[in-house]
Amino acid sequence: MEKEYKSRSQFKTVMMRLSKNKMALFGLCILCALTFIAIFAPILSPYSPTKQDLVNQFQPPSGQHIFGTDEFGRDVMTRIFFGARVSLLVGFISVGIALLIGGALGAIAGFYGGHIDNVIMRIMDVLLAIPQTLLAIAIAASLGTGLFNLMIAVGISSVPTYARIVRASVMTIRGEEYVEAATASGTNNKKIITKHILPNCMAPVIVQVTLGMAGAILNTAGLSFIGLGIKPPQAEWGSMLSAGRDYIRTSPYLTLIPGIFIMITVLSLNLLGDGLRDALDPKLKN
């Protein structure tokens, strides 16, 4: 009971600190709005994201088509809305993959140490030596295009980051008295890691998840831009940028609008991540 009350008290404290950060709340509001748009995209727009209407090619922004139409006469706003689904879904799932694999490896390395730690972390060091975007390109090129392969490529390329963060947290926590007490009472290592150590590693992980989603969305757009991500006619912001660059002189809105939405999404996640970092930082607590 006391532990549960303490957990609730800490949660309320973090939320109060976060609520005082106006920029973080601004980022959260933008992210909620984009999520709403992604979920209700079929209701918010009367047009199809893939159906072509060659009669209405390159229509500039107007009352009928707020963001204009593309080279196939498709409504750009509709494609932006449906593209938000892909970007947020890939960002969420890929971060989940990275957290699941990287978190497990980091927890094992940090808890057991020794040769296990050396083997796991040297593999992570090799992966970290390769730029994350380049690693994602290599994985995507080997797996092929498609939504599922894109999520795997972006997720695996982020595994080393989460492994190092979780490992550092576990190494700090494993010497705490409650962990030693659990070990002395005969609790098995799996239960110690999952019930005593990992829940207390969440603060830095939550911040990294928020910031990692921003990176994942950028990587998703980048892979689609070079043809290794989502293939047309499926709507995705990176592929929309790639298609619109051929018409940047005559119809600049085809690249400007998806670029703005990528920027806004990444900005909102970065603002929220910075706010969470400040709220969860023990040095800033009263």
Side-chain angles (χ1 to χ4, degrees), residues 3 6-7 10-11 13-14 17-18 90-136 139 151-183 187-220 269-270 272-285:
K3 186 177 180 181
K6 184 178 179 181
S7 177
Q10 290 176 344
F11 177 76
T13 302
V14 170
R17 293 180 62 84
L18 184 63
V90 173
F92 181 79
I93 298 297
S94 62
V95 166
I97 292 172
L99 179 59
L100 182 64
I101 300 175
L105 292 174
I108 293 171
F111 184 79
Y112 290 101
H115 294 297
I116 296 176
D117 181 26
N118 285 330
V119 171
I120 293 176
M121 296 318 297
R122 294 302 75 79
I123 295 173
M124 295 299 105
D125 288 342
V126 171
L127 295 177
L128 281 171
I130 307 171
Q132 185 174 339
T133 303
L134 184 60
L135 181 60
I139 297 172
M151 291 188 290
I152 293 177
V154 176
I156 292 177
S157 66
S158 303
V159 165
T161 302
Y162 291 92
R164 290 182 70 89
I165 290 174
V166 173
R167 173 182 176 267
S169 298
V170 170
M171 291 181 69
T172 302
I173 294 171
R174 70 180 180 181
E176 295 291 335
E177 293 180 358
Y178 58 86
V179 176
E180 294 179 353
T183 304
T187 307
N188 62 64
N189 291 336
K190 181 180 177 182
K191 186 174 290 186
I192 291 173
I193 292 173
T194 56
K195 291 191 175 182
H196 297 284
I197 293 180
L198 287 181
N200 291 286
C201 297
M202 287 297 102
V205 172
I206 289 172
V207 175
Q208 182 57 40
V209 164
T210 309
L211 298 175
M213 279 192 65
I217 289 172
L218 279 177
N219 283 334
T220 300
L269 286 165
N270 284 332
L272 181 58
D274 288 341
L276 285 172
R277 181 180 57 196
D278 294 341
L280 292 167
D281 190 347
K283 297 177 181 179
L284 299 177
K285 291 182 180 180

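Only a predicted model underlies this, so the values are computations on that prediction, with no experimental measurement involved.
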Among residues two or more places apart or on two chains, list those pairs meeting side-chain hydrogen bond (donor to acceptor under 3.5 Å, both in side chains) that have a residue in residues 202-220.
T133-N219
The reported gap from CD1 in I156 to CE in M151 (rounded to nearest 0.5 angstrom) is 12.0 Å
Measure the OG1-CE distance between T161 and M124 for me, rounded to the nearest 0.5 Å.
10.0 Å
With salt bridge (Lys or Arg N to Asp or Glu O under 4.0 Å) as the rule and sequence neighbours excluded, what pairs involving residues 120-129 come up?
R122-D125, D125-R164
Dump the intermediate steps for side-chain contact (heavy atoms from CB on, under 4.5 Å) on V159 and L127, then the final yes or no.
CA-CA 9 Å; V159 165; L127 295 177; 5.6 Å; no
If you define the side chain from C-beta out and look only at heavy atoms, does anything of Y162 sit under 4.5 Å from L100?
no
Kindly give the heavy-atom pair with the smallest separation between P204 and S169, and that separation in Å.
CG-OG, 3.4 Å
Looking only at non-hydrogen atoms, find the nearest pair between S94 and A216 and report the distance.
OG-CB, 3.4 Å
Nearest-0.5 Å distance, CZ of residue F111 to CD1 of residue I116:
10.5 Å
d(D274 CG, L269 CG) to nearest 0.5 Å is 11.0 Å
Side chain to side chain contact (heavy atoms under 4.5 Å, CB included) partner of M213, the single match among V95, N270, L272
V95
With a 6.0 Å cut-off (strictly less than), is the heavy-atom count around OH of Y112, excluding the residue itself, greater than 12?
yes
Output the distance between atom OG (S158) and atom CG (L135), rounded to the nearest 0.5 Å.
8.5 Å
For a quick test of reading the model, state the closest non-hydrogen atom pair linking I139 to S157 and the distance between them.
CD1-N, 4.3 Å
